[in-house]
Protein chains: 2
Amino acid sequence: MSAVERIDEIDVRILELLQEHGRMKRNRIAEEVGLSVPSVSERMRKLEERGVITGYHAVLDHKRLHFDITAFIRVIVDGSEYYPEFIRRACALDEVLEVHSITGEGSHILKVRTRNTTTLERLLSRIQSWPGVHGTVTSIVLSTFKETRRLPVVPTELVPVEEFETS
Amino acid sequence: MSAVERIDEIDVRILELLQEHGRMKRNRIAEEVGLSVPSVSERMRKLEERGVITGYHAVLDHKRLHFDITAFIRVIVDGSEYYPEFIRRACALDEVLEVHSITGEGSHILKVRTRNTTTLERLLSRIQSWPGVHGTVTSIVLSTFKETRRLPVVPTELVPVEEFETS
DNA sequence: CATGAAATTTAGTCAAT
DNA sequence: ATTGACTAAATTTCATG
């Protein structure tokens, strides 16, 4: 952890390329950023080792694979003693893509992707049967217009100063 | 589009491997699934061409890059004549990772990732100033326990039958 | 569709700066 | 940290089952 990550302009460009094209060849990256292949490899190795890059993943088209329902489920778990078990169970389900604890109404939010309304209903019943779960509010996704994890990275020197003003 | 995607057991295993390890070498995949390298290449090519694989992406650690705030913002856009412009503006923002229209309270939900509460506040003010936006409800993420896009793919022959019973 | 073998491209190693 | 020169490995091509 610790030690402010040093990211220079070239790292930023490498990260942009790899966020967009995760299998891009090192020689192509090298010509894009104007470095040799070993230099690019070294930078990639360090970005991976430092944990800046956490992984590379193929993304699949859920529609073509018949996962037709995406939904956000806000869950009210009453009593924080139930949180760990709730989180364990939620994370264990393949159809649950995201598990977050949140502020606002509901203690947790789940993003789920499932085949159809039947499987969604089954999933909801299951979640509602878990200890401590006192209610769920489901928002079914009608259309998705953007869905990415791309971060707009900037060189370390250029991060807005207020970031370092707050303790 | 059209034509039910045929996904056999080997495709499933290739998709599992690439969802988890997006830069895995073809020869490693080949030995995992028990095919030759050219066969794996051909299958990958087809899965990409058919649009089953939509892309490969490096995923970055937002904490290490000082994107400390994740939030879900439910937006009430009143009057569907405002939807297209709202969606255009939302998608254009780098800090907005996801844009969905939904059922339930609020017409849309945004997933945003930003640097700090100051930038979140700025973002919210901006969204609230857009035409048709009548309100927002923000849930700030306190902890994330799971965040993936991995789909539990199964061979075409094994998809639950009810999927084809519903018109 | 799948394969092995050849041809080509890409990646890793390393001494030097 | 970056490089060129070298070796090793991976990928593409292609003729054949």
Side-chain angles (χ1 to χ4, degrees), chain A residues 1-61 64-65 153-159, chain B residues 1-61 64-65 153-159:
Chain A
M1 273 273 263
S2 65
V4 169
E5 296 296 342
R6 285 280 145 198
I7 305 287
D8 67 12
E9 300 83 346
I10 292 176
D11 286 329
V12 167
R13 292 176 62 196
I14 293 174
L15 292 173
E16 282 173 353
L17 290 167
L18 288 172
Q19 284 190 96
E20 214 57 42
H21 304 288
R23 285 185 75 91
M24 186 179 266
K25 308 290 191 188
R26 291 158 146 83
N27 56 1
R28 298 266 294 99
I29 298 171
E31 54 189 44
E32 289 287 337
V33 306
L35 284 185
S36 66
V37 173
S39 292
V40 169
S41 275
E42 180 68 357
R43 280 169 178 268
M44 283 175 62
R45 194 187 61 69
K46 284 178 181 163
L47 289 166
E48 291 159 8
E49 186 184 60
R50 287 195 286 168
V52 175
I53 296 174
T54 63
Y56 301 90
H57 307 279
V59 171
L60 313 185
D61 182 338
R64 277 183 222 264
L65 293 165
V153 184
V154 292
T156 313
E157 302 75 41
L158 299 180
V159 304
Chain B
M1 273 271 264
S2 66
V4 170
E5 296 297 339
R6 285 281 145 200
I7 305 287
D8 69 12
E9 300 83 345
I10 292 176
D11 287 329
V12 167
R13 293 177 61 198
I14 292 174
L15 292 173
E16 282 172 352
L17 291 166
L18 288 173
Q19 284 190 97
E20 213 58 41
H21 305 287
R23 283 185 76 91
M24 185 179 266
K25 307 291 190 187
R26 292 155 147 84
N27 56 1
R28 298 264 295 97
I29 298 171
E31 55 188 43
E32 289 286 337
V33 306
L35 284 184
S36 65
V37 174
S39 295
V40 169
S41 274
E42 180 69 357
R43 280 170 180 267
M44 283 175 61
R45 196 188 59 70
K46 282 178 182 163
L47 290 166
E48 290 158 9
E49 188 184 57
R50 287 196 286 167
V52 175
I53 296 174
T54 64
Y56 302 90
H57 305 280
V59 171
L60 312 186
D61 182 339
R64 277 183 222 266
L65 293 165
V153 185
V154 293
T156 313
E157 301 75 38
L158 298 180
V159 304

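Values below: all heavy atoms of this structure, side chains included; hydrogens, waters and symmetry mates excluded. Letters A, B, ... are given to chains in the order of the sequence lines, protein chains preceding strands, and every chain is numbered from 1. No experiment lies behind these values; they were computed from the predicted model shown.
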Between D/dA1 (C1') and A/Lys46 (NZ): distance, integer Å | 6 Å

From A/Arg43 CZ over to A/Arg26 CZ, what is the distance, rounded to the nearest 0.5 angstrom?
-> 14.0 Å

Report yes if some heavy atom in the side chain of B/Arg23 is under 4.5 Å from a heavy atom in the side chain of A/Met44; otherwise report no.
-> yes

Separation of B/Arg28 CZ from B/His21 NE2 (nearest 0.5 Å) | 8.5 Å

Spacing of B/Met44 atom CE relative to C/dA2 atom P, expressed in whole Å = 14 Å

Below 4.0 angstrom from OP1 or OP2 of C/dT10, is there any side-chain N or O of A/Arg28?
-> no

Answer with base, sugar-phosphate or nothing: what part of the nucleic acid does B/Ser39 contact at a heavy-atom distance below 4.0 Å?
-> base

Toward the 5' end of DNA chain D, by each residue's nearest nucleotide, A/Lys25 or A/Val37 | A/Val37

Spacing of B/Met24 atom CE relative to D/dA9 atom P, expressed in whole Å | 18 Å

Return the value, rounded to whole Å, for the distance between atom CZ of A/Arg26 and atom P of D/dT3.
-> 15 Å

Are A/Arg45 and A/Glu48 ion-paired here, with the side-chain N under 4.0 Å from a carboxylate O?
-> no

Rounded to the nearest angstrom, tell me the gap between atom CD1 in A/Ile29 and atom P in D/dT2.
-> 14 Å

From CD of A/Glu49 across to P of D/dA1 the rounded distance in Å is 11 Å

Mind calculating the distance between CD1 (A/Ile10) and P (D/dA1) to the nearest angstrom?
-> 13 Å

Please tell me which of A/Gly34 and A/Arg23 maps to the more 5' nucleotide of DNA chain D, matching each residue to the nucleotide holding its nearest heavy atom.
-> A/Gly34

Taking the side chain of B/Leu35 as heavy atoms from C-beta outward, which of D/dT2, D/dT12, C/dT3 is closest to it?
-> C/dT3

Report yes if at least one side-chain N or O of A/Ser36 is closer than 4.0 Å to OP1 or OP2 of D/dT2; otherwise report no.
-> no

Would one find a side-chain N or O of B/Arg43 under 4.0 angstrom from OP1 or OP2 of C/dA2?
-> yes

Rounded to the nearest Å, what distance is computed from the CD atom of residue A/Glu42 to the P atom of nucleotide D/dG4?
-> 16 Å

May I ask you to say whether B/Glu49 pairs ionically with B/Lys46, meaning some side-chain N is under 4.0 Å from a carboxylate O?
-> no

Proximity to the side chain of A/Asn27 - top-ranked nucleotide from D/dA1, C/dT10, D/dT11 | C/dT10

